[in-house]
Number of protein chains: 2
Amino acid sequence: MSTRKKILIADDEPDILEILHFNLQAEGYEVHTAKNGLQAIEKAKIIQPDLIILDIMMPIKNGIEVCNELRMLPAFQKTLIIFLTAMSDDGTEVKGLESGADDFITKPIRPKVLLSKVNALFRRVPKESSSVQLGDLQIDREKYNVSYKNQDITLARKEFELLSLLASKPGKVFLRNEILSKIWGTEVIVGDRTIDVHIRKIRQKLNLDCITTVKGVGYKFEL
Amino acid sequence: MSTRKKILIADDEPDILEILHFNLQAEGYEVHTAKNGLQAIEKAKIIQPDLIILDIMMPIKNGIEVCNELRMLPAFQKTLIIFLTAMSDDGTEVKGLESGADDFITKPIRPKVLLSKVNALFRRVPKESSSVQLGDLQIDREKYNVSYKNQDITLARKEFELLSLLASKPGKVFLRNEILSKIWGTEVIVGDRTIDVHIRKIRQKLNLDCITTVKGVGYKFEL
DNA sequence: GTAGAATATTATCAAATTGTTAACGCAATT
DNA sequence: AATTGCGTTAACAATTTGATAATATTCTAC
């Protein structure tokens, strides 16, 4: 349901890059890397990571510069930033935190500590408004509503859940069994026709050809 | 506009307590202290601080125990917690972060670093303003009153809390469970009808169509 | 092209959910 | 002691929903 968190690591030492990459990836994050400050900024703009880990001492642009520059942009106002540094010098650390960093890790890096800090940071961040935009169709799980071309459409609960499920992976075919277990659970037993009826109601209300039947298999959401 | 943030510091060393107290107070925070784990828990319940700074090594109850115990309570789910420790031992640090701490500071404490971290943490937390303007409707959490088109409306406490909760995230659907745990707490058990009745009273008093029922899910505030 | 299977459609009904009103206990206030 | 207001619940009404049966239609394999 929730896309993986994206992390961008910027450090000029390949070893560190690799270690962090490995550990964070193993933890389930989508990891990207950059080997200097400039590249970090460029990649950040493309990837739009949830967290950026910046080495302070880097060629071309140092971590603090990168941080300051990114914080200027509205898109990075809320992005989490962690600094890495070899120095255990007060001044640098303070400067880093004041430039809008969320945490600070001193080298040598202990992977477990890093992971814990990363996890702790994400725990704090209010989770994204699970809203999905698909063309003119918008599905907002939090607000529990669906709108097409900014026109609200009222769906009953099961209808909403079903559409929400199908739309969570556009193009993917959901088997009838899959749908049953995800929406009705494994305990409840309902007939196959029930799904059809709900599908029909959704199609009717949306008045939009976006749910395709895959005969003998299931349904998928498209366009 | 914004009440001062409350910080509770727990440490058994009076010197540290004093230094932190002085520094944080100078920074504009309302500081409280406790000299052991048990006292920390008691004071925390009364004061409801925004941030708790816990020494790990404390008599009676250590910092991690305190943290775990507080995190059990719904009121402290979101409270920020920072650990202090003399050890630079990986294991402890990880255990601390995993028990739900938000940061970690190793002794000897460098006041500037501490202040920066504290400020950084608060910067992350979405500040809830005490007064909300929504169209012609105004909700003032501090004064505990609601007005529509500058006309005061008298709501009973539960009614106010309920409206205030719903209005805190306009559009978001609050599940009945969510409402129960946030307004009545997890201990108290009240029937489902109770929510309805309060909703009705609010609707009646506001005489404004702003609370939408999402059947089978909950309620949401809109417009 | 046709039989058989799978899905679509429609109407119906029971169950689940919420709305409404009145009444009760309790605490604070007069 | 009497009054008032609040929070809760009970009881019942009103509404919505979800499941099914029955029937029609479409698709697929042969």
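Any value given below was found using the heavy atoms of this structure, including those in side chains, with hydrogens, waters and symmetry copies removed. Numbered from 1 within each chain, the chains take letters A, B, ... in sequence-line order.
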Within the side chain of [X], is there an N or O that forms a donor-acceptor pair under 3.5 Å with the backbone of [Y]?
| X | Y | result |
| --- | --- | --- |
| B:Asp152 | B:Ser147 | no |
| A:Ser164 | A:Glu161 | no |
| A:Arg203 | A:Ile211 | yes |
| B:Lys220 | A:Lys143 | yes |

(message) Let's go through A:Val188 and A:Leu180 carefully: what are the C-alpha distance in whole Å and the side-chain angles of both, what is the deciding distance for side chain to side chain contact (heavy atoms under 4.5 Å, CB included) to 0.1 Å, and is it a yes or a no?
(response) CA-CA 9 Å; A:Val188 191; A:Leu180 285 176; over 6 Å; no

Starting from [atom2] on [N], measure out to [atom1] on [X] and report it in whole angstrom.
| X | N | atom1 | atom2 | result |
| --- | --- | --- | --- | --- |
| A:Ile199 | C:dT9 | CD1 | P | 11 Å |
| B:Tyr144 | D:dC6 | OH | P | 13 Å |
| A:Leu175 | C:dA6 | CG | P | 15 Å |
| A:Leu155 | D:dT16 | CG | P | 15 Å |
| A:Gln204 | D:dG18 | CD | P | 15 Å |
| A:Ile183 | D:dG18 | CD1 | C1' | 13 Å |
| B:Leu180 | C:dT18 | CG | P | 12 Å |

[X] vs [N]: side-chain N/O to OP1/OP2 distance below 4.0 Å:
| X | N | result |
| --- | --- | --- |
| A:Arg200 | C:dT7 | no |
| B:Thr213 | C:dG19 | yes |
| A:Tyr219 | C:dA8 | yes |
| A:Arg157 | C:dA16 | no |
| B:Arg176 | C:dT17 | no |

(message) Treating primed atoms plus P, OP1 and OP2 as sugar-phosphate and everything else as base, which nucleotides of nucleotides 19-30 of chain D get B, S or - for protein heavy atoms under 4.0 Å?
(response) SB-----BB---

(message) Need one value for A:Phe160: base, sugar-phosphate or nothing, where a base atom within 4.0 Å counts as base even if backbone is also close, heavy atoms only.
(response)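 No contact.
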
(message) To the nearest 0.5 Å, what is the distance between CZ on A:Phe174 and CG on A:Leu165?
(response)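 Taking CZ in A:Phe174 and CG in A:Leu165, the distance rounds to 4.5 Å.
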
(message) Checking side-chain polar atoms at under 3.5 Å, does B:Asn23 have a donor or acceptor matched by the opposite partner on B:Tyr29?
(response)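 Looking only at side-chain atoms, B:Tyr29 and B:Asn23 do not form any donor-acceptor pair under 3.5 Å.
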
(request) Going by the side-chain hydrogen bond (donor to acceptor under 3.5 Å, both in side chains) test, name the single residue among B:Lys205, B:Arg200, B:His198 that passes it with B:Glu159. (result)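 For B:Glu159, the side-chain hydrogen bond (donor to acceptor under 3.5 Å, both in side chains) test succeeds with only one of B:Lys205, B:Arg200, B:His198, which is B:Lys205.
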
(request) Take the C1' atoms of the five end pairs on each side of the helix from C:dG1-D:dC30 to C:dT30-D:dA1, derive the two axes, and give their angle rounded to 10 degrees. (result)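 Rounded value for the end-axis angle: 30°.
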
(message) Minimum heavy-atom separation for A:Ile139 and A:Ala167, please, with both atom names.
(response)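 Looks like CD1-CB, 3.4 Å.
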
